[in-house]
Each structure stands twice: as structure tokens, then as C-alpha cells.
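Below you'll find the structure, written out as C-alpha cells, and then a few comments.
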Amino acid sequence: MIDISKKLLSKVGKTNAKYKMIQKNDRILLGLSGGKDSLALAHVLKHIQNVSPDKFEFKAVTLSYGMGENYDYLTKHCNEHGIEHEVIDSSIFEISKEKIRQNSSFCSFFSRMRRGYLYTYAINNNFNKLAIAHHLDDAAESFFMNFTYNGALRTLAPKYKAKNGIEVIRPFIFVRERALRENAIRNNLTVVGDEACPAMRFDVKMPHARAETKALLASLEKENPKLFLSLKAAFENIHTDTFFN
């Protein structure tokens with residue numbers, strides 16, 4: 001087992017208690033990209049599975065875009081730690097070539113396709129929940145990006161049910177990204193970085209909105225160290241009657 005900090009486990013435990021994300025007899029599918037966030041979630045779910053009196057099943061699935069990726073090291077890592085893992089092949093990369101030439105949103109296209117494959121796998125294999133490793137920084141960035149670029153006040157829900165009946169859960173939604181980075185460093189985990197992004201195979205400009213938003217939030221946090229605590233509280237304290245409805 002890797003050394004998961006008690007603080008990280010406590011955050012996930014409180015989130016689970018508040019939103020009842022992981023329940024008895026659940027069959028949970030984890031989207032495992034191999035990055036620091038999803039790999040940490042795989043180990044946290046395994047820990048919960050080992051200690052919880054409420055038995056549940058979970059499986060980690062890695063989606064290959066069809067770019068010749070080699071995930072043998074990830075499968076080996078999961079096998080060494082008793083985490084069930086499978087790589088799903090797809091033709092997303094080939095399909096995307098036509099879409100990219102049409103100037104569609106690069107990240108949103110791959111995100112929709114990836115989520116579609118995971119939903120299909122979950123339904124076909126009788127999983128009732130899909131676990132995603134989004135954290136508090138992701139939620140904050142999504143919030144700022146939505147009102148800055150899309151004219152909407154929305155962020156990432158801790159838990160929601162998709163139209164196909166699959167329940168999406170985000171056990172790390174109260175966790176800061178830096179805690180997951182520290183977890184990877186402390187445990188010397190081999191993780192996938194930007195080099196695995198399909199954008200590296202295209203002659204396209206890398207998306208800038210999220211990077212700029214991340215930099216903005218970092219700047220604001222320097223001025224106000226309690227910024228993310230305030231944002232988390234705000235996401236739970238919404239006064240809809242004060243907006244232009």
C-alpha cells in the first residue's frame with residue numbers, strides 16, 4: 001500500500017458522509033487516466049474498500065485514444081496494489097482528425113468522447129457509479145471559466161445522476177490539487193503528464209483558458225490565502241434570489 005495521508009483520507013471521508021457517494025453493494029467504475037489525481041483516487045478507493053464494513057466493488061479503466069499508447073506500467077502498478085484495471089481501446093484520435101480541422105473545441109470534444117466511452121462501459125458491465133478525480137481546484141477553475149467565457153454561474157457537482165442513469169461521483173471535490181501533487185511525490189508515483197495529451201499530436205494551439213484561470217486563482221490566493229475556503233463555502237451557500245431570474 002502507498003502512504004496516503006490521514007488528512008486526505010479524512011477529507012474524502014467527510015465528503016462521502018455528506019453526499020453518500022460510496023454505499024453498500026455499489027459497483028463503481030473509476031476513470032483512470034494515470035495522472036496524479038486519478039491514480040490517487042484509485043488508491044483511496046482501494047483503502048476505503050479494505051476498511052469499510054459496507055462492501056462495494058470498483059474497477060479502474062483507462063481509455064486509450066488509439067495513438068499507440070502503452071499503459072503496461074499502469075496495469076502493472078494496479079496489479080501490484082490489488083486494483084482491478086483494464087485498458088479500453090478506442091478510435092477517438094482517428095475520429096478527431098476531421099473534427100479538429102473543423103475548428104471544434106479540442107478539449108471539449110475529447111472530454112465528451114471519453115465520457116461517452118466510460119458511460120457505455122459502465123452500462124454494459126453493470127456499474128451504477130462513475131468516479132471522477134476532479135478536485136476543489138478543478139471546481140474553482142470551472143466556475144471562473146464559466147462566468148468569464150460562457151456567461152454562466154456553474155461549477156462541478158460533487159454528485160449527480162446522468163440521463164443514462166449512471167451516478168457520477170467526485171470524492172476529491174473538497175481536496176486541493178496540491179495535496180494530490182504531494183501524494184504523488186511522497187510515494188514516488190509514476191504519473192502521466194501533459195505528454196499524453198492528444199493535442200501534442202496535432203498542429204493546434206493548446207487551450208489557454210484553463211491555464212490562464214489557474215494562474216489568476218494562484219495570484220488571488222497570494223492576496224487572500226483563504227480564497228479556496230471561501231469558494232468552497234460559497235458553492236454551498238448560493239442565494240439564487242439575488243440573481244437576474
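All values reported here derive from a predicted model rather than from experimental measurement. Residue numbers run from 1 in the order of the sequence given.
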According to salt bridge (charged side-chain N to carboxylate O under 4.0 Å, His left out), who are the partners of Lys7, at least two apart in sequence or on a separate chain?
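For Lys7 there are no salt bridge (charged side-chain N to carboxylate O under 4.0 Å, His left out) partners, ignoring immediate neighbours.
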
Under 3.5 Å, side chain of [X] to main-chain N/O of [Y], donor-acceptor pair present?
X      : Y      : result
Glu167 : Ala162 : no
Arg170 : Ala157 : yes
His239 : Thr242 : no

Leu217 versus Phe228: any side-chain heavy-atom pair under 4.5 Å?
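Yes - at least one pair of side-chain heavy atoms lies under 4.5 Å apart.
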
Is there a side-chain contact (heavy atoms from CB on, under 4.5 Å) between Thr15 and Phe172? Walk through the geometry before answering.
CA-CA 8 Å; Thr15 305; Phe172 281 169; over 6 Å; no

Give a yes or no on whether the ring-centroid distance for His77 and His81 is below 6.0 angstrom.
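His77 vs His81: aromatic centres under 6.0 Å.
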
So, Phe147 versus Phe143, ring centres under 6.0 angstrom or not?
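They qualify: ring centres under 6.0 Å apart.
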
Solution key, residues 21-29 side-chain donor-acceptor pairs under 3.5 Å, sequence neighbours excluded:
from: Asp26; atom 1: OD1; to: Asn128; atom 2: ND2; distance (Å): 2.9
from: Asp26; atom 1: OD2; to: Gln23; atom 2: N; distance (Å): 2.7
from: Asp26; atom 1: OD2; to: Lys129; atom 2: NZ; distance (Å): 2.7
from: Arg27; atom 1: NE; to: Asn126; atom 2: O; distance (Å): 2.8
from: Arg27; atom 1: NH1; to: Glu57; atom 2: OE1; distance (Å): 2.8
from: Arg27; atom 1: NH2; to: Asn125; atom 2: O; distance (Å): 2.8

Side-chain H-bond candidate by donor/acceptor type, Asp138 with His135, under 3.5 Å:
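A pair is found: one side chain offers a donor N or O, the other an acceptor, under 3.5 Å apart.
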
Consider only side-chain N and O atoms of Ser33 and Ser38, and report whether a donor and an acceptor are under 3.5 Å apart.
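Yes, side-chain donor-acceptor contact under 3.5 Å.
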
Using a strict threshold of under 4.0 Å (side-chain N to carboxylate O), is an ion pair present between Arg178 and Glu182?
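No, no charged N to carboxylate O under 4.0 Å.
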
Other cluster members, Ile185 - Ile/Leu/Val/Met/Phe/Trp/Tyr, side-chain contacts below 4.5 Å:
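None; Ile185 is a cluster of one.
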
Within 6.0 angstrom of Arg186 CZ, more than 12 heavy atoms from elsewhere
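Yes, enclosed.
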
